Amino acid sequence: MRSSASSSCSKGLLRSVLTGKEATPRPPVRTLFASAVSRLDSSLPFSQQQQHNGKKRPYPLAVFDQVRPSTASTRSLDWRSLSSRSKSTAAAVSTDDYHVEDRPRLAALRERLQTEPAPRPASQYAQNGSSPIVTTTTSSVTATSPSPAVVESPILDMEELRAWADAQPDLPLDNQKLLLTDRYQRHHSYLRLSLTERCNLRCTYCMPPEGVPLQPKSHILQTSELLQLASYFRYQGGVSKFRLTGGEPTLRADLVDIVRGLKALDPQQIGMTTNGIVLASKLPALVEAGMDSINISLDTLQPDKFAELTRRPAGYLDKVWQALEACQEVQQEQMRMSGQSKPNLTVKLNCVVMRNVNTDEIADFVKLTQTFPHLAIRFIEYMPFSDNGWNNDQLVPYPELLQDLHDNHNIDLQKVPSPDPSDTTKWYQTPWSSTASSRNIGFITSMSQHFCGTCNRLRLTADGQLKVCLFDGKTELSLRDALRAGFTNQQLAKVIHAAVQNKHYKLGGHVDPQALADDADTNRPMTLIGG
């Protein structure tokens, strides 16, 4: 998929579409770094590497890419037996501080969200005649998964796809929720936009050591195309939240113009996920243009380990800290100007946790919230993608992290509910949190306790491919080619709607994380998806 994505723009094989306390004073940040460096074990084994005002914007869509055969495994995996350590941890720690066993309704809800329900029949607007949805393995189609009709051969060009769309009944485009609602009644109101495939780091879990093949500039969405699609999803699909990703989005020269264009669409939030290397100098202009959420990816506080994980100079770590300090300065200025106790800019630090790589630094990350009181830290479970060396022994379930903080660092986190039913994060607060409802420590448990049942996310890759699921490498729809072929607003709606109808309930159609890992080579590396 990685190389085939760079094939012809005008024709490509249909990939499988539609288919009240003050914070305790802490030493300066760089003092924390120095302390962390002194504890670095040089022999550390690493992995092998609202609804709007009623305005409608008529925008048109594409061709697809060829797909590789599925090698998905169907064996199950008991995540309570990841290791002898996690077994003992599971017995010592409940899944969260609510003690699920004492709360039957909560336990029942959690069990229901982990179990795939029988989907409703596919939308009437995606059933007539043969569908351009193609699956590459019949094992993924079951009697309980009535997706739109599966065809034996892919649609080879845009005119065939246009003819298919014209044969379908028109969608009522005044119904914002219909377009992006799938068979499990999940409405997708969050669109992640990848701006570039390029990145200035080479993180081990994100891309293979040799890097990834980059496509010609002509294959990447132009600014006008990206904003055209964003406007379509905003006004026709009811998308209210955008997040810019990469590669590394700060490498895109017209980033500020893109943010300003998105702001004109009046969404609830415009965010960006970045490694922070060049963020400090760009942040003021981005915030002025309308950005109100920043996620910074950082997996270690130790320079030598940073160099090994990112395959880049250790000195780059200082640049990330400059980004954190710049974010804090913006937050403080916003609070000073508004007189409010919270800034408008939300800042989160994302850390991918890998056993025997950075598990010894969890407490150090948590303590950063003492130096940066308006910073939230999120620990993300290690996920399998193409050529990233994933194995289940490196996966660390979050109860194990909670137990480690309690036993070895005397830090007891308190569970805090999230107001967003589609939030991917299990939120906690530290003992030194300044407010009772502060959510400053989070865990994203996509492998050990997935949250697919409430997923509201779609992704648009830098080359304009619509991905309905992060983990599904077999179904992509080229909205870039659709736009360039001049598809009408209605034609575009029909094809997107069919793609969303084809979304699996969990993990891109895989039964468990191990099956996902076995099938990882059919998906893009993370850097070409955008996270």
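None of the values given here were measured: they were computed from a predicted structure.
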Colleague: Does the side chain of Asp463 pick up a donor-acceptor pair with the side chain of Thr461 at under 3.5 Å?
Modeller: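 Present: a donor and an acceptor within the cut-off.
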Colleague: If you count the non-hydrogen atoms of other residues, nucleotides and ligands that lie under 6.0 Å from CD in Glu288, is the total more than 12?
Modeller: no
Colleague: When you compare the side chains of Thr425 and Arg378, does any donor N or O come within less than 3.5 Å of an acceptor on the partner?
Modeller: yes
Colleague: Do Asn358 and Thr300 pair up side chain to side chain, a donor and an acceptor below 3.5 Å, judged on atom types alone?
Modeller: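 There is no such pair between these side chains.
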Colleague: Looking just at side-chain N and O atoms, do Thr454 and Arg186 make a donor-acceptor pair shorter than 3.5 Å?
Modeller: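 Distance-only check fails for Thr454 and Arg186.
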Colleague: So that I can tick it off, tell me whether Glu225 and Arg484 are bridged by a salt bridge, with the cut-off set at under 4.0 angstrom between side-chain N and carboxylate O.
Modeller: yes
Colleague: Do you see a donor-acceptor pair shorter than 3.5 Å between the side chains of Gln176 and Gln236?
Modeller: no
Colleague: Cut-off 3.5 Å, side chains only: do Glu381 and Ser448 have a donor facing an acceptor?
Modeller: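 Yes, side-chain donor-acceptor contact under 3.5 Å.
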Colleague: For Tyr190 and Arg243, which I'm curious about, is there any donor-acceptor pair between the side chains at under 3.5 Å?
Modeller: yes
Colleague: Cation over ring, Lys426 on Phe443, under 6.0 Å and within 45°?
Modeller: no
Colleague: Could you pull out the closest heavy-atom pair between His188 and Lys503, with the gap in Å?
Modeller: NE2-NZ, 3.0 Å
Colleague: Closer than 4.0 angstrom, basic N to acidic O: yes or no for Asp257 and Arg260?
Modeller: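 Judged by the 4.0 Å cut-off on N to carboxylate O distance, Asp257 and Arg260 do form a salt bridge.
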Colleague: Side chains of Asn275 and Glu248: any donor to acceptor distance under 3.5 Å?
Modeller: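 There is such a pair between these side chains.
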Colleague: When you look at Leu195 and Leu226, which way does the side-chain contact (heavy atoms from CB on, under 4.5 Å) test go after all the steps?
Modeller: CA-CA 9 Å; Leu195 302 187; Leu226 186 145; 3.4 Å; yes
